[in-house]
2 protein chains.
Amino acid sequence: MSEFAVLSGVTHSSSTLGGELTDTLRDAIITGEIAQGSKLSETKLAKKLDVSRGPLREAIRRLEGMNLIQHVPQQGARVVMLSKALILQIYDAREALESKAVALAAEQMTSPEIDELHRLIDAQSKQMRENSGAFVPAESDYAFHEMVVRGSKNKVIERALLHELYNLIKMFRYQNEFANTSSTNSLVEHRQIVYAIEQRDPVLAEVTMRRHIVHARARIERRMS
Amino acid sequence: MSEFAVLSGVTHSSSTLGGELTDTLRDAIITGEIAQGSKLSETKLAKKLDVSRGPLREAIRRLEGMNLIQHVPQQGARVVMLSKALILQIYDAREALESKAVALAAEQMTSPEIDELHRLIDAQSKQMRENSGAFVPAESDYAFHEMVVRGSKNKVIERALLHELYNLIKMFRYQNEFANTSSTNSLVEHRQIVYAIEQRDPVLAEVTMRRHIVHARARIERRMS
DNA sequence: TTCGACAATAATGTCAACATTTAAACTTGT
DNA sequence: ACAAGTTTAAATGTTGACATTATTGTCGAA
């Protein structure tokens, strides 16, 4: 299961079996190895992964808290279905949270953190040239947004985005090639965001980020028709 | 434990013991019956509530997903500490989410739902007069905001607010008398919000709600110095 | 054939015992 | 008396068995 190690933005694998199972199942859900809407049978999964049902149930509860799984009492757990409506709702929530996050980041980020943002953007630029200007790799895009979110220093927003929404977005992107970020626009907008943060201009940062996410949402809405 | 039934905005008590325990512990945490920062010993709690540790652990995992509990592997679970910094962060997140929610509600709410908003405000007005104009009861305030949030028809925002943030805010208010909503301002602002929704004006609704929450946040920041 | 009731099967919910790790208590030496 | 190391106790992590509920399959009657 280490083949998906790149996916794990935040790791739970805290030496406890339940924590490892949480990461394993999360990655399997994100990649689609466990299909959307499919049932997570405790008995079958426990046998397949060679663990007892206790830690497995614990992992399922955690994934429930991340919105990756829906649980119905006495019936079991199913992987969430990423309908068009839900994806658009996720992006509306993301717009609200991440635009606020970047406004806070414009006030709270330290200089070394802003330097790191520049490094991430340079890496994106380099990767884009190598990929013949087609796409910004998803991991690179996540890294940038994650850095901005952490820069807000707001633990509540961090958790909502990094622990919950981003996993759903990763899942969507991983299972829909067309959902990848377009290269040129994305990179330009990232630069604008960093500029606003450097200027310590929360309002500019917020509107720039909001537009960036609205663009992404519009792209998705267009291509899912 | 039914004495706190009024607190349970959303109920889990789905006929399973784990679900009931989730509600019981949540209410005990909100009221402060289980103090902030105190440890939730599985063995002691299981004995006290006369249940086995299995369902209890499940409830703890769920409460972890609601941000009411912090869990450290091999060490156990502790009730979250509502520091001033955390409360302000919660209100920043709430501002972002609920201002977006009301903008969506201005587009999505049905007429019957808007009528219900009026009824809730009338009830607030009546209760305020009976209370010699001192306070709007917290339950009344929640009911109004919950109705608005549901009106957004955005399941992601609904969950983030109703399932996670509101519980933390209830906990804060319940344990800090000074954190109650001031009567006159709150009622006027609620009326403005309903007006904006009726006018189907998302921008006005958003700005009004944002100001409403910023006011509440400022009040808290002032009184916690 | 189709619908409904009943039986059989499998799944989730619950419990108590075991294993391992952490925290507390105690001893020992300076 | 204090500190360090060891020992003891208690807590969390894990497991397998049991109980209860839902689902599937079967039989029979309309």
Side-chain angles (χ1 to χ4, degrees), chain A residues 1 8 10-26 28-29 33-81, chain B residues 1 8 10-26 28-29 33-81:
Chain A
M1 287 298 131
S8 50
V10 183
T11 178
H12 287 194
S13 53
S14 45
S15 75
T16 71
L17 190 48
E20 286 178 30
L21 283 172
T22 306
D23 291 347
T24 301
L25 289 180
R26 180 198 55 184
I29 290 172
E33 184 183 340
I34 303 179
Q36 293 183 30
S38 66
K39 187 173 174 186
L40 292 174
S41 166
E42 292 178 7
T43 52
K44 292 177 184 171
L45 257 183
K47 238 179 268 180
K48 184 178 175 186
L49 300 176
D50 195 41
V51 294
S52 68
R53 281 176 54 220
L56 183 59
R57 281 173 71 91
E58 217 169 287
I60 289 178
R61 295 297 162 273
R62 289 222 177 92
L63 295 169
E64 203 186 336
M66 298 185 210
N67 274 330
L68 289 175
I69 282 181
Q70 287 169 339
H71 177 256
V72 179
Q74 247 94 24
Q75 287 195 9
R78 306 191 88 89
V79 177
V80 67
M81 292 273 296
Chain B
M1 286 298 133
S8 49
V10 183
T11 178
H12 287 193
S13 53
S14 46
S15 74
T16 71
L17 190 49
E20 286 179 30
L21 283 172
T22 306
D23 291 347
T24 301
L25 289 181
R26 180 198 55 182
I29 290 171
E33 185 183 338
I34 302 179
Q36 292 183 30
S38 67
K39 188 174 173 187
L40 292 175
S41 164
E42 292 179 7
T43 51
K44 291 178 184 172
L45 257 183
K47 238 178 267 180
K48 184 177 176 183
L49 300 176
D50 195 41
V51 295
S52 70
R53 281 175 54 219
L56 183 59
R57 280 173 72 90
E58 220 169 285
I60 289 178
R61 294 299 162 270
R62 289 220 177 93
L63 295 169
E64 202 185 336
M66 300 184 210
N67 275 330
L68 288 175
I69 282 180
Q70 288 170 339
H71 177 256
V72 179
Q74 247 94 24
Q75 287 196 9
R78 307 191 86 90
V79 178
V80 67
M81 291 274 294

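Below, chains carry the letters A, B, ... as their sequence lines are ordered, and counting in each starts from 1. Quantities reported herein were computed from a predicted structural model and do not represent experimental measurements.
Taking CZ of Arg62(B) as the reference point, atom CG of Asp23(B) lies at 9.5 Å (rounded to 0.5 Å). Annotation: the span from Lys39(B) atom NZ to Arg78(B) atom CZ amounts to 6.5 Å, rounded to 0.5 Å. Distance check: Leu25(A) CG to Ile69(A) CD1 gives 6.5 Å after rounding to the nearest 0.5 Å. Put simply, CG on Leu40(A) and CD on Glu64(A) are 11.0 Å apart, with the number rounded to the nearest 0.5 Å. Once rounded to the nearest 0.5 Å, the distance linking CZ of Arg61(B) with CE of Met66(B) reads 13.0 Å.
Of all nucleotides in DNA chain C, those with any atom nearer than 4.0 Å to a heavy atom of chain A start and finish, going 5' to 3', at dA11(C) to dT14(C).
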Report each atom pair, protein N/O against N/O of nucleotides 14-18 of chain D, whose distance is under 3.5 angstrom.
residue: dT14(D); atom: OP1; partner: Leu17(A); partner atom: N; Å: 2.4
residue: dT14(D); atom: OP2; partner: Gly18(A); partner atom: N; Å: 3.4
residue: dT15(D); atom: OP2; partner: Ser52(A); partner atom: N; Å: 3.4
residue: dT15(D); atom: OP2; partner: Ser52(A); partner atom: OG; Å: 2.7
residue: dT15(D); atom: O5'; partner: Ser52(A); partner atom: OG; Å: 3.3

- Task: Report, as a single string ordered 5' to 3', how protein heavy atoms within less than 4.0 Å touch nucleotides 20-25 of chain D: B base, S sugar-phosphate only, - not at all.
- Result: -SSS--
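Heavy atoms only, all atoms of each residue included: Ala46(B) and Ser52(B) are closest at CB-C, 4.4 Å. Taking both residues in full, the closest heavy atoms of Ala77(B) and Ile60(B) are given as CB-CG2, 3.8 Å, listed atom of the first, atom of the second, then distance.
Judged by distance alone, the side chain of Thr24(A) and the main-chain N or O of Glu20(A) form a donor-acceptor pair under 3.5 Å. Under a 3.5 Å cut-off, the side chain of Thr22(B) and the backbone N or O of Gly18(B) do form a donor-acceptor pair.
If you run side chain to side chain contact (heavy atoms under 4.5 Å, CB included) between Leu21(B) and each of Leu63(B), Leu45(B), Val51(B), Thr16(B), only Val51(B) comes through.
Scored by the side-chain contact (heavy atoms from CB on, under 4.5 Å) test, Gln70(B) finds Val80(B) as partners (sequence neighbours excluded).
Nucleic acid contact class of Arg78(A) (heavy atoms, under 4.0 Å, all strands): none.
Taken residue by residue, residues 40-48 of chain A places heavy atoms nearer than 4.0 Å to DNA chain C at Leu40(A), Ser41(A), Glu42(A), Thr43(A), Lys44(A).
Applying the salt bridge (charged side-chain N to carboxylate O under 4.0 Å, His left out) test to residues at least two apart or on different chains, the pairs with a partner in residues 43-54 of chain A are Glu42(A)-Arg53(A).
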